[in-house]
Amino acid sequence: MDFYAVLGLEPRASREQVERAYRFCLELYAEGALAHLTPSSSRPRVEQQRLRVREAYEVLGDEHKRRTYDEAQGFLPPDSPVLPFLPAAPSPP
């Protein structure tokens, strides 16, 4: 699962959207939240998800780290104006 999916975002999400999604996820997985009203066997998974949310925000919340991550994943930067098209194959003579 990529960092955007962890926060429930699309790769072209704005900085503000990343910030809002992070805050929402923190509340969702916070101590005492509904996610913790699960059997004790599920609690390690909740903690793991909380760590994953923080890790995703650490990367996506930092412009430089996000650009590097996007390039490694093959995502276009959020400020990219259009999707690139592959060059057309030359016509046979």
For Arg23, give me all partners under salt bridge (charged side-chain N to carboxylate O under 4.0 Å, His left out), at least two apart in sequence or on another chain.
Glu19

Going by an N to O cut-off under 4.0 Å, is there a salt bridge joining Glu63 and Arg66?
no

Who are the side chain to side chain contact (heavy atoms under 4.5 Å, CB included) partners of Gln73, not counting sequence neighbours?
Tyr69, Phe75

side-chain hydrogen bond (donor to acceptor under 3.5 Å, both in side chains) involving Gln17 - partner list, sequence neighbours excluded
Ser14

Set of residues satisfying side-chain hydrogen bond (donor to acceptor under 3.5 Å, both in side chains) with respect to Glu55, sequence neighbours excluded:
Arg52

Return the minimal non-hydrogen interatomic distance between Asp70 and Tyr4, and the atom names on each side.
OD1-OH, 2.6 Å

Would you name the heavy atoms of Val18 and Ala13 that are closest together and state the gap between them?
CG2-CB, 4.4 Å

Under 4.5 Å between any side-chain heavy atoms of Arg54 and Glu58, yes or no?
no

Any idea which heavy atoms bring Val59 and Lys65 closest together, and the distance?
O-CB, 3.6 Å

Same cluster (ILVMFWY, side-chain, under 4.5 Å), Leu26 and Leu51
no

